[in-house]
Amino acid sequence: MLIVSDVWVSALIRRAELSGAFATVVRKGDARAGSVIVKAYDTSERKARLYSEAFGPDGERLWIQPVSSDQESELDAYIQRQVGYDPDLWVVEVEDRQGRHFITETVQGERS
């Protein structure tokens, strides 16, 4: 069973804050079923990464990096395109000195 979007986003923000990072909702989507995009900004390197929610074959939530660039302008352009397709989309920004995203589910391409 999946957690509704607003609860999942609240938990992500809380994990970030407990670890000394800053996280905020930039765009609020549908509370129950909105998809989520997380932009993780590494404040020491001044680079960003984008994580988009996807679902695996068995229905589990997993995360992918839909854009290979670390340039914030390119990531923001991607987000704007996605908002045009999905008005229920959530966007969360995390600022951290280590560039952590605080996603606990599987992130494609990362070791667990």
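None of the values given here were measured: they were computed from a predicted structure. Quick note: residue numbers are just sequence positions, from 1.
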Participant: Less than 3.5 Å apart, which donor and acceptor atoms pair up between the side chains of residues 3-23 and the rest of the protein, not counting sequence neighbours?
Facilitator:
unit_1: Ser5; atom_1: OG; unit_2: Gly34; atom_2: N; d: 3.2
unit_1: Ser5; atom_1: OG; unit_2: Gly34; atom_2: O; d: 2.5
unit_1: Trp8; atom_1: NE1; unit_2: Glu105; atom_2: OE1; d: 3.3
unit_1: Trp8; atom_1: NE1; unit_2: Glu105; atom_2: OE2; d: 2.6
unit_1: Ser10; atom_1: OG; unit_2: Asp6; atom_2: O; d: 3.0
unit_1: Arg15; atom_1: NE; unit_2: Phe102; atom_2: O; d: 2.9
unit_1: Arg15; atom_1: NH2; unit_2: Phe102; atom_2: O; d: 3.0
unit_1: Ser19; atom_1: OG; unit_2: Arg15; atom_2: O; d: 3.2

Participant: Please identify each residue that fulfils side chain to side chain donor-acceptor pair (under 3.5 Å) with Arg100, with sequence neighbours left out.
Facilitator: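 Arg100: side chain to side chain donor-acceptor pair (under 3.5 Å) contacts with Asp96.
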Participant: Is the shortest side-chain heavy-atom distance between Trp63 and Gln108 below 4.5 Å?
Facilitator: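 SC-SC contact between Trp63 and Gln108 ruled out.
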Participant: For residues Ile103 and Val36: do they belong to one hydrophobic cluster (side chain heavy atoms under 4.5 Å, members Ile, Leu, Val, Met, Phe, Trp, Tyr)?
Facilitator: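 Yes; tracing contacts between hydrophobic side chains, which count when under 4.5 Å, links both residues.
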Participant: What pairs with Asp42 under side-chain contact (heavy atoms from CB on, under 4.5 Å), at least two apart in sequence or on another chain?
Facilitator: Ser44, Glu45
Participant: Applying side-chain contact (heavy atoms from CB on, under 4.5 Å), can you list everything that pairs with Ala40, at least two apart in sequence or on another chain?
Facilitator: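 Applying side-chain contact (heavy atoms from CB on, under 4.5 Å) to Ala40 gives Arg49, Tyr51, His101.
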Participant: Running the 4.5 Å side-chain criterion over Ile, Leu, Val, Met, Phe, Trp and Tyr, what cluster does Ile64 land in, apart from itself?
Facilitator: Leu62
Participant: Got a list of side-chain donor-acceptor pairs under 3.5 Å for residues 77-94, not counting sequence neighbours?
Facilitator:
unit_1: Asp86; atom_1: OD1; unit_2: Asp88; atom_2: N; d: 3.0
unit_1: Trp90; atom_1: NE1; unit_2: Asp30; atom_2: O; d: 2.8
unit_1: Glu93; atom_1: OE2; unit_2: Lys39; atom_2: NZ; d: 3.4

Participant: Could you tell me if the side chain of Val38 sits less than 4.5 Å from the side chain of Leu50, heavy atoms only?
Facilitator: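 The answer is no; the side chains never approach within 4.5 Å.
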